[in-house]
Amino acid sequence: MHKDELPPEVILAIQQALEAHVGDVQTVPFDAASLDIPFNPVPVLNDLFPDEASLAHLDLVNTQLAETQRKLQTEVDALQSELRQSQDPEKMQLIQEMISDLMGQMSRIREKATESEAVVRNITKDIQVLDTAKKNLILSMTTLKRLQMLVNALTQLEDLVKEKKYGEVAETLAAVKQISATFKAYTGVQPVAQVWKRIQEIQGDLRALIDTDFDAFILQDSSKPVKATQITDACLAADVLGPDFRTHLIDRYVALELKEYRRIFRSTDEAGQLDNLSRRFAWFRRTLQTHEIEQGRVFPAEWRVGWCLLAKFIDITRYAVFMCRFIPILRMFRRDDLTMLLAKAGPSLTVKTLLENLQTTTEFENSMVKKWATSLQVLLSTTAGTHAIAPKPISAAFEPHMSIFVDAQDKVLADMLAPYRKSKSGRAQPPRQSLDTPHPNGTDEESPSLVLPSSTDLFYFYAQSLEQCAKLSTGQPLFDLCLLHKKWLRIYAEDVLITSLKRPPSQPQSRRSGDTRYDVQELKHACKLINTADYCLSTASELEDKMREKINEEFKERVSFQAERDLFVSVVSAAIVIQLRELETACDAAFATMARTTWTATNQVSGQSAYAGDLVSVAEQVIETVKPLVEQKKYLRNLFDKACSLILAKFTNAIVKSRPLKEIGAEQLLIDLGRIKSYLLNMPGEALVTASYTRGLTKSTTRLEALLKVIVTPVDPPEGFILNYTLLIGDASFSNFQKILDLKGTPKAQQNALLDDFLTITSTKTDLDSTSFLSSLDMEPPGPGQLGGSLVSPGGSRVSLPLAVNGEGIFATMTSPASTGPMVSSNGSSQGGSGADTPIRGGERREVFSDLRRFVSFGLQRKDTMAQ
């Protein structure tokens, strides 16, 4: 065997190691993960013995398992023997020696490769030197050839310049500049520096020649005639000379063209006055037309000389001088005629003059935009170059003076709303009928208006002023107009709408019709105010969207009418309060009759009472008057909710005032309550009734029915009366039970015994609450017109009545009644009955003895019982 070759068995072992791979997982009964899981023999036994009959083969299964164990043990022994042979020390040493020989062979091969590389490098060293020399020689020859070409081109260029052959000059100069760019790195070499200097001198001479020819052509000097084709070729040469020289030529041409404009329209001459602004634009249009027909044709289209001419005209006509009295100081500065003329006009500048001149300016700017199909800002920015200050149009000179326009709008709005606003001197405003003046050819009934005409006039004027201002300016003036609109919306809401709800002191408080006792005109006026406020609310949103659509981007986020919309929401709330006040006034007579009724003298129940029919009748008249006059149904639903709450609250107060009730009186009140409930359920009508309204009404009337049913229950036997109280009222409140006794008219002596029985029975009923709806029942209710203080204050800017019909409001809006004697709370402070039953927080256990008096009474009773 050769010393460098491995034994066949080693080669075979290496191949087997390299080709080894993991077998299919499904053929391996166990894996590493399964070995970590504790073996569970139950599933295996269930597979071997699935039923009782399989137990008969127990011996056969045992034999098979023993055979399997023997085969596995034989396989393990064979694998262990093979492992011991593989780990023989002599064989391992032989493998290590073979690996060492292999590494030695690799080292010798590496050394030979290094020696071969050195030999090759020595052989090719001279070739590399020759190759570098060849490259340097080629570069030198190329550079010299280019230098010769450059010198020849310069000579040719110099001759062409002298002959003014600008077309050929442009081509030759472009070639010279291209070739000379390769010598920029060699300017330190004397010959190259001389050539570079000569190039600059020739370009300077060329600029001077082009300048002279341009002036001669523009000024039409007959002594030095210049052909248009020669100037056209000169423009090509100017492009090669660079953008700075091209800009210089354009500026020179523009300055010469507008020189006459400066002379004719000096601000000190008559032609330069503000009244002759249109003459300026007419002069420029003629100049621009002459330019396009004559001189303008010699310029390349990409120079956009017409744009530059327009930009310079705009710059001359509009540049800042701020006030006329500063003109002597600012003569040293550049100024524009228009701003100076506007400053001179000063206070004498009228809105008409301002708008006419601004309209003329805007039309001129729009005509230029239409001519080139490019926005004016793009026209000015393209020709402005790299100026730090962004160019502005001529119309920008009017913006500082647009306050005159805004002030004029302010004055017009003041005059428009003056007849409807309350005098600041304290005099009464004109009658409210002026807010809704009928058509001269008919009565108010013949031409009904659902909103006040003043509101439509206001927003019509807003739309006109917005469109007019947006045509003139969409910057600061339009934002100032937006602030003005916001101001007069607030004034209209506060000084016109809300103020019209307040009855002037000088107006007599005449009490209406003897039948209804409510003011129909007041109701109609409130309905009209609701419609007007809703119209203003929606139109203000549209005005905000329109304003944001037209105004510049930097003002968009600052445009908002949210505060003004909130004011109109307050107007709606205040008008609804007026309607509720009229409803309360209409119902006062019926509730007064109910409160004056002596229920103890009633011997039997005889259908509904007369006051209940009167109450339903007047309430229906008020509601039916309002329904067809309010456009938005959401406000009617709000009114129905609050009206229902008002009627039920006043009914509850009348019950308290008419005590004692006795059983017959309470039974009669139950019948009357059913009649009122029936009307309230049908009050909105099928189109306006909602589930929440019906649910809230049912909840409130159910509580009143429970109150009256407890009063109807006889006090004898006491246990039955108290158990009925706990079932209907559902609390263990001492003060609430005493309220029932007071309403029932129970004598004081009998009350003490009933209170003791109440304590005894409720002390064992831990499932009862400590409070109920009776806890907020006021035993000293307010008089007529005092229920809910907001109902008699319609002039407030923000009114929001609670929707009592949907919650606890009927009883929660009234203070708790005072007890017949002082009570002491658990902390020892003296309180009235209103503090005896404080609502228990969630999660706390109900205390049976909630006050000291209750505890003492119960203790004395228990002592007397034990003594007997």
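Being a predicted model, the structure only gives us computed values, none of them experimental.
With contacts defined as side-chain heavy-atom distances shorter than 4.5 Å, the pair Asp614/Thr593 does not qualify. You'll find the side chain of Tyr518 reaches within 4.5 Å of the side chain of Thr625, heavy atoms only. You'll find the side chain of Met594 reaches within 4.5 Å of the side chain of Leu669, heavy atoms only. Between Thr585 and Glu522, every side-chain heavy-atom pair lies at or beyond the 4.5 Å cut-off. Proximity of Phe651 to Ile655: side-chain heavy atoms (C-beta onward) are separated by under 4.5 Å at one or more points. Contact check for Val630 versus Cys527: side-chain heavy atoms found under the 4.5 Å cut-off. For the pair Tyr679 and Ile623, the minimum side-chain heavy-atom distance is below 4.5 Å. Proximity of Thr374 to Val369: side-chain heavy atoms (C-beta onward) are nowhere separated by under 4.5 Å.
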(request) Decide yes or no on side-chain contact (heavy atoms from CB on, under 4.5 Å) for Glu544 and Ser541, but give the supporting numbers first. (result) CA-CA 5 Å; Glu544 178 181 332; Ser541 299; 5.7 Å; no
(message) Show, in sequence, the C-alpha distance, side-chain angles and deciding distance for Thr539 and Tyr462, and conclude whether the side-chain contact (heavy atoms from CB on, under 4.5 Å) test is met.
(response) CA-CA 10 Å; Thr539 313; Tyr462 274 11; over 6 Å; no
(request) Report the C-alpha separation of Phe364 and Thr361 in whole Å, then their side-chain angles, then the decisive distance to 0.1 Å, and conclude whether the side-chain contact (heavy atoms from CB on, under 4.5 Å) test is met. (result) CA-CA 5 Å; Phe364 168 75; Thr361 303; 5.7 Å; no
(request) Give the intermediate values and the outcome of side-chain contact (heavy atoms from CB on, under 4.5 Å) for residues Thr499 and Arg421. (result) CA-CA 8 Å; Thr499 305; Arg421 297 179 63 190; over 6 Å; no
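Between the side chain of Asp641 and the backbone N or O of Tyr693, no donor-acceptor pair lies under 3.5 Å. Listed for the Ser776 side chain is a donor-acceptor partner under 3.5 Å among the backbone atoms of Phe773. With Thr702 contributing its side chain and Thr698 its backbone, the two residues share a donor-acceptor pair below 3.5 Å. Using modelled atom types, no side-chain atom of Asp769 and backbone atom of Thr771 make a donor-acceptor pair closer than 3.5 Å. Between the Ser465 side chain and the Phe461 main chain, a donor and an acceptor come within less than 3.5 Å of each other. Using a distance-only test at 3.5 Å, with no hydrogens or angles considered, no donor-acceptor pair links the side chain of Glu631 to the main chain of Asn531. Side-chain atoms of Lys486 come within 3.5 Å of backbone N or O of Ser560 as a donor-acceptor pair. One N or O on the side chain of Thr456 and one on the backbone of Pro453 form a donor-acceptor pair closer than 3.5 Å. Counting only distance, with no hydrogens or angles, the side chain of Ser500 and the backbone of Val496 share a donor-acceptor pair below 3.5 Å. Judged by distance alone, with hydrogens and angles left aside, the side-chain atoms of Asn366 form a donor-acceptor pair with the main-chain N or O of Thr362 at under 3.5 Å.
Side chain to side chain, Asn638 and Lys642 meet the donor-acceptor criterion of an N or O pair below 3.5 Å.
Remark: Leu478 CG to His485 NE2 distance equals 8.5 Å, nearest 0.5 Å. Remark: Lys411 NZ to Leu413 CG distance equals 12.5 Å, nearest 0.5 Å. From Leu481, atom CG reaches atom CG of Leu466 across 6.5 Å, with rounding to the nearest 0.5 Å. Rounding to the nearest 0.5 Å gives a distance of 11.5 Å between CG of Leu497 and OG of Ser570. Between Leu688 atom CG and Lys633 atom NZ the span is 6.0 Å, to the nearest 0.5 Å. Rounded to the nearest 0.5 angstrom, Arg675 CZ and Leu680 CG are separated by 10.0 Å.
Annotation for Lys471: atom NZ does not count as buried by contact number, only 12 or fewer foreign heavy atoms lying within 6.0 Å. Taking a 6.0 Å sphere around CD of Glu553, one finds it holds 12 or fewer heavy atoms contributed by other residues, nucleotides or ligands. In Gln562, the CD atom is crowded: over 12 heavy atoms of neighbouring residues, nucleotides or ligands sit closer than 6.0 Å.
The nearest pair of heavy atoms linking Leu501 to Ala575 is CD1-N, 3.9 Å. When every heavy atom of Gly475 is checked against every heavy atom of Asn552, the shortest pair comes out as CA-ND2, 3.4 Å. A pairwise comparison of heavy atoms in Val618 and Ala586 identifies CG2-O, 3.5 Å as the closest pair. Of all the heavy atoms in Leu629 and Lys524, the pair that sits closest is CD1-CG, 3.5 Å. Between Glu365 and Pro393, the closest heavy-atom pair is OE2-CB, 3.2 Å. Closest approach of Val406 to Pro477, counting heavy atoms only: CG2-O, 4.0 Å.
Salt bridge status for Glu584 with Arg581: absent, with no side-chain N to carboxylate O gap under 4.0 Å. Salt bridge annotation for Glu542-Lys546: absent, with no cationic side-chain nitrogen under 4.0 angstrom from a carboxylate oxygen.
In summary, of the residues considered (Tyr492, Phe459, Phe568), a ring pair (Phe, Tyr, Trp, His ring centres under 6.0 Å) with Tyr535 occurs for Phe459 alone.
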